[in-house]
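Just so you know, these numbers come straight off a predicted model, no measurement behind them. Each chain gets a letter, A, B and so on, in the order its sequence line appears, and its residues count up from 1.
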Amino acid sequence: MGVALRDIIADCKETLDLDALKGVAAIDAHNALYQFLSIIRQPDGTPLMNAEGQVTSHLTGILFRTANFVEKGIKPVYIFDGTPPTFKQETLDQRREVRTRAGNAWKEALAVGDIAEAYKQASASARVDAYVIETAQELLGLLGIPWVQAPSEGEAQAAHMAGKGSVQFAVSQDYDSLLFGSPVLVRNLTVSGRRRVRGRTITVSPERIVLANLLDYLGVSREELIEIALLTGTDYHPGVRGVGAKTALKLVRNGEFESTVAEKLPDFDPASIREFFLAPPVTDDYNLSWSAPDTDGVVAMLSGRFDFSPERVEGALEKLSVKAKQQTLDQWF
DNA sequence: CTTCCGTA
DNA sequence: TACGGAAGG
């Protein structure tokens with residue numbers, strides 16, 4: 001998923017307190033929904049579901065995380081993907097293949113009673129489908145949280161909105177929004193700060209990456225950062241086999257991007273992907289407004305249709321309502 | 001993931 | 001209050 005720039009970005013990220021982050025956050029909806037669907041499961045991999053068997057893991061995730069963000073002074077806007085570029089098709093096909101295999105491996109692990117393996121494979125089989133997207137958008141609407149339909153990649157739209165100043169930062173676990181020119185990316189934007197890794201619980205803090213600082217630190221331009229990504233591999237092309245971010249950085253700094261492509265990838269014309277990162281399809285047709293939650297509507301949806309405990313739902317809604325009342329009408333609505 | 005509850 | 005583990009739907 002995304003571009004593997006971690007190795008050259010590690011030294012340029014600043015960890016910070018959730019309380020230090022204020023303002024409007026453009027959230028990569030697909031990334032958030034995928035995380036919820038893959039992680040919010042029982043130990044054997046079964047996702048949370050209502051009595052009808054409809055998955056609810058993503059709705060739990062949105063409800064509690066949104067309530068916490070708003071309480072902390074972060075106003076979220078969720079950005080949904082539109083039509084992917086044609087050159088992403090191979091990657092999308094591969095992911096579907098991986099999910100299908102994981103789904104089968106999940107059943108096999110259950111059959112032999114390997115619970116840990118079952119959870120791992122179930123996580124890998126998670127899919128953000130039309131049902132997930134529709135119910136997520138319905139819930140956001142009832143919560144009074146805006147969302148934007150991107151014409152193409154959500155991270156590109158988020159970057160565009162951050163560049164214009166409509167939002168203060170983009171939120172995703174992937175680094176792609178930096179390639180699309182987002183001035184600020186925030187990763188690990190969670191409230192609990194706890195994450196299970198191989199059975200252990202570790203604490204993770206939000207981390208902020210400022211594009212200008214990153215480019216300055218690496219000594220490259222954004223165009224060159226894109227070249228590094230093209231060599232390393234993106235969602236749109238696998239890149240050069242055996243070349244990671246550090247090697248790619250060296251090559252690009254030495255001005256060897258073109259020659260490396262000519263030598264190692266003679267059939268690859270990077271022009272269209274480079275152009276896509278530099279000027280992706282985006283829209284200015286959006287209106288960001290936050291409103292008080294439709295309490296009855298949320299309870300009707302989550303408790304009425306999806307079997308959530310009314311007490312828990314109301315507890316989360318309280319955080320949203322309190323904040324909406326605290327703000328002057330001007331600031332919040 | 002986040003909440004909630006038991007334990008120290 | 002702090003932490004670990006179970007539950008949530």
Side-chain angles (χ1 to χ4, degrees), chain A residues 1 15 17-19 21 25 27-74 76 78 102 106 110 115-116 118-129 131-136 138-140 142-143 145 171-174 186-207 293 297-323:
Chain A
M1 278 288 237
T15 62
D17 251 32
L18 185 62
D19 301 296
L21 276 169
I27 300 179
D28 178 352
H30 185 277
N31 189 262
L33 292 172
Y34 178 79
Q35 264 196 76
F36 294 146
L37 290 171
S38 85
I39 291 166
I40 304 177
R41 287 170 186 272
Q42 292 178 271
D44 70 352
T46 309
L48 300 189
M49 296 180 292
N50 67 1
E52 281 181 57
Q54 295 178 293
V55 172
T56 57
S57 299
H58 60 303
L59 301 176
T60 290
I62 289 175
L63 175 69
F64 292 119
R65 188 177 283 186
T66 300
N68 284 320
F69 281 176
V70 169
E71 189 180 40
K72 298 276 184 190
I74 297 170
Y78 283 78
W106 176 18
L110 281 178
I115 296 300
Y119 182 90
K120 188 178 148 198
Q121 297 297 343
S123 293
S125 75
R127 169 154 190 262
V128 179
D129 61 13
Y131 157 79
V132 169
I133 290 167
E134 281 161 20
T135 47
E138 181 184 358
L139 178 57
L140 289 170
L142 292 169
L143 291 172
I145 302 300
V171 176
S172 179
Q173 290 305 99
D174 294 339
V186 174
R187 302 180 69 246
N188 299 339
L189 190 60
T190 63
V191 178
S192 76
R194 291 207 294 179
R195 182 172 298 176
R196 283 209 314 270
V197 177
R198 289 192 297 273
R200 281 215 172 70
T201 305
I202 58 166
T203 54
V204 287
S205 310
E207 61 185 53
V298 173
V299 173
M301 178 185 183
L302 295 183
S303 299
R305 283 159 51 201
F306 292 104
D307 300 344
F308 280 57
S309 142
E311 291 76 19
R312 281 182 161 232
V313 173
E314 277 153 21
L317 286 173
E318 192 62 22
K319 296 183 183 179
L320 288 165
S321 305
V322 165
K323 197 67 185 182

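At the phosphate of dT2(B), OP1 or OP2 sits under 4.0 Å from a side-chain N or O atom of Arg65(A). Within the 4.0 Å cut-off from OP1 or OP2 of dT3(B), at least one side-chain nitrogen or oxygen of Lys319(A) is found. For Asn68(A), a side-chain nitrogen or oxygen approaches OP1 or OP2 of dT3(B) to under 4.0 Å.
Without hydrogens or angle criteria, Thr46(A) side chain to Gln42(A) main chain gives no donor-acceptor distance under 3.5 Å. Between the side chain of Asn31(A) and the backbone N or O of Ser172(A) there is no donor-acceptor pair closer than 3.5 Å. When atom types are taken as modelled, the side chain of Asn50(A) and the backbone of Arg305(A) share a donor-acceptor pair closer than 3.5 angstrom.
In this structure, a donor-acceptor pair under 3.5 Å is absent between the side chains of Gln173(A) and Asp28(A).
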Could you list, one pair per line, each protein nitrogen or oxygen that sits under 3.5 Å from a nitrogen or oxygen of nucleotides 1-4 of chain C, together with the distance?
from	atom 1	to	atom 2	distance (Å)
dG4(C)	N7	Arg194(A)	NH1	3.2

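Glu311(A) has its CD atom 19 Å from the P atom of dA7(C), to the nearest Å. To the nearest angstrom, C1' of dG5(C) lies 14 Å from OH of Tyr119(A). One can place CD of Glu71(A) at 13 Å from P of dT2(B), the figure rounded to the nearest angstrom. Atom CG in Asn50(A) sits roughly 13 Å away from atom C1' in dG8(C) (whole-Å rounding). To the nearest angstrom, C1' of dC1(B) lies 12 Å from CZ of Phe308(A). Across the protein-nucleic acid pair, Arg312(A) atom CZ and dC1(B) atom C1' stand 12 Å apart, rounded to whole Å. Per the geometry, CZ belonging to Arg41(A) stands 20 Å off C1' belonging to dG5(C), to the nearest Å. Rounded to an integer number of Å, the gap from CD of Gln42(A) to C1' of dA7(C) is 9 Å.
Only one option out of Phe64(A), Tyr34(A), Tyr131(A) pairs with His58(A) in a ring-ring contact (aromatic ring centres under 6.0 Å, His included); it is Tyr131(A).
Contact annotation for Ser57(A): no contact, since no heavy-atom pair falls under 4.0 Å across all strands. Residue Pro47(A) is classed as a base contact, given a heavy-atom separation below 4.0 Å to a base.
Residues Pro47(A) and Ser57(A) approach most closely at CB-OG, 3.6 Å, considering heavy atoms.
Here the side chain of Asp307(A) is nearest to one of dG8(C), dG9(C), dT2(B), namely dG9(C).
The number of heavy atoms from other shown groups lying within 6.0 Å of NZ (Lys120(A)) does not exceed 12.
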